Protein chains: 2
Amino acid sequence: MPKDTFHNLPEEKKEKITNAFLREFAIHPYDKASLSSVVKSLGIAKGSVYQYFDDKLDLFTYLIEECSAVKMKYVGQLKRENFNDFWGYFRSLYSEGVKFDLENPLESHFLHSLADNLNSPSVKGLYDEMLTNIIAGFEQMAKHEVELGLFRDDIPIKTIGFILYKNGRAINEQMEVTGHINPKESIKKGKPVYEGKVDQLMETVDNYIKILQRALDKEST
Amino acid sequence: MPKDTFHNLPEEKKEKITNAFLREFAIHPYDKASLSSVVKSLGIAKGSVYQYFDDKLDLFTYLIEECSAVKMKYVGQLKRENFNDFWGYFRSLYSEGVKFDLENPLESHFLHSLADNLNSPSVKGLYDEMLTNIIAGFEQMAKHEVELGLFRDDIPIKTIGFILYKNGRAINEQMEVTGHINPKESIKKGKPVYEGKVDQLMETVDNYIKILQRALDKEST
DNA sequence: GATTGATGTGACTACCCAGTCATATTATGG
DNA sequence: CCATAATATGACTGGGTAGTCACATCAATC
């Protein structure tokens, strides 16, 4: 948790500091991200950082929580019950996700780059916890659909949930592998990852949905 | 490329050195892996490593090539044409993969851990190149099946290939997330990752195949 | 205006690493 | 048996880092 000193800061300075660190962590994996270099570019003293946060991990944790909260403002309002089927809901998660990206490029970059940190032993615990929650979320969704009789019931729910999670991520990764998006470049330019690429993304999303739908929907025999 | 000095080494010493480094890189991501600590545990001088290899990356590249070659002895012999459908082939990739793991735990560990290195900027180039090849391989497979009229043709081949790749990896990851396997633990104990877990793995493989089959096979209308 | 508590500072510590190189040891073969 | 080439060595260089702490500065309250 950030110390009081940080919260007492004028909003403007707080944001400047937050943004600088978001940028650093978005570009470099946790262990390579250098507080020293950020404070230099910010023109503040190294010691100040430790006036605001307990340590590097505390700072990192704070950034994750901040960004997650912002993203939640977008996708958190979506409710399954407002959609006819799971796939409409699934699709909206992406369209809202893009909106989040376009309006909060830095936060979006940072959250994206989190996946690159899965290995850094220093943040493994933090990352694993996040992951467990997300996967549990997908598992819940799967369970719900199976109970509604909309998803097939011959596959363990754990597997269905995991496949939803993994293929959801695969969409973004495919966009990157095929060169449609280039997150690292976008960060440097300070532009949203999906700027001008929304149509391509949604097209890919629709392809994945076509596939997942046939894979997971209960056969209407 | 390793220098002549390395090749001139007695096979026994060569293997001892190789294994020690495999272990180190399997446990720690590239940038955290410490040559200093390995040479200490090996009881050789730091300078010797640089008698054998150009630098850390050269050593790492050598290890990748060695391990890939060993794994290829297992999965490389499998040919699509010896199977009735793609899924028999796909399944065999796993059963052979497990055989490789059981008979070469260290090499298997190392190759597994490669995925954790995707972020280390120092090896990004190397890793991306590998990935591009693997994905291209899956794309080829997908293309072949579509041409045979066995896979659906309403989805871009790039997407089908990528989904095959991603879901293939998802199988291993799910085994880890659900706690059936614990690679890091296994390394420390020097035991194969899948020891005693082969049945669970193949069960999961079969579930994934059930799903992918319905997702990708041409509908037999 | 003075006293006190909160905030800012940056040189410094303690640590780690890859890679070097002059020197020492060991093998080779003439 | 000696000379030369090949190999082994480890202290050292130069570079990086997170985190600390005694001190300076600023703000607020009495």
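Note that the structure is a prediction, hence the values are computed from the model and not measured. Chain A is the first sequence line, chain B the second, and so forth, proteins listed ahead of strands; every chain is numbered from 1.
The number of heavy-atom neighbours closer than 6.0 Å to NZ of A/Lys56, taken from other residues, nucleotides and ligands shown, is above 12. Counting heavy-atom neighbours within 6.0 Å of B/Lys143 NZ, excluding the residue itself, gives a total of 12 or less. Applying the 6.0 Å contact sphere to CD of A/Glu129 captures no more than 12 heavy atoms from other residues, nucleotides or ligands.
Going from atom NZ of B/Lys40 over to atom P of D/dA11 covers 12 Å, rounded to whole Å. Distance, B/Phe60 CZ to C/dG19 P: 14 Å, rounded to whole Å. Put simply, NE2 on B/His28 is 17 Å from C1' on C/dA18, counting in whole angstrom units. At whole-Å resolution of the value, CG in B/Asp54 and C1' in C/dT20 are 14 Å apart. One atom, OH of B/Tyr50, and another, P of D/dC12, lie 19 Å apart when rounded to the nearest Å. At whole-Å resolution of the value, NZ in A/Lys56 and C1' in D/dA18 are 8 Å apart. Between B/Leu57 atom CG and C/dG19 atom P the separation is 9 Å, expressed in whole Å. At whole-Å resolution of the value, NZ in B/Lys14 and P in D/dA8 are 13 Å apart.
For B/Glu103 and B/Lys99, the salt-bridge test fails: no basic side-chain N is under 4.0 Å from an acidic carboxylate O.
Within the 6.0 Å centre-distance limit, the rings of B/Phe6 and B/Tyr62 are counted as a close aromatic pair. Taking the six-membered ring for Trp and the full ring otherwise, B/Phe60 and B/Phe110 have centroids separated by under 6.0 Å.
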message = Strictly under 4.0 angstrom, non-hydrogen atoms only: write out the protein contact profile of nucleotides 6-11 of chain C, one letter per nucleotide from the 5' end, B, S or -.
response = -SBBB-
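In this structure, B/Asp31 reaches neither bases nor backbone, as no heavy-atom distance under 4.0 Å exists between it and the strands shown.
Applying the 4.0 Å criterion to OP1 and OP2 of C/dC16, one finds that B/Ser36 has every side-chain N and O outside that range.
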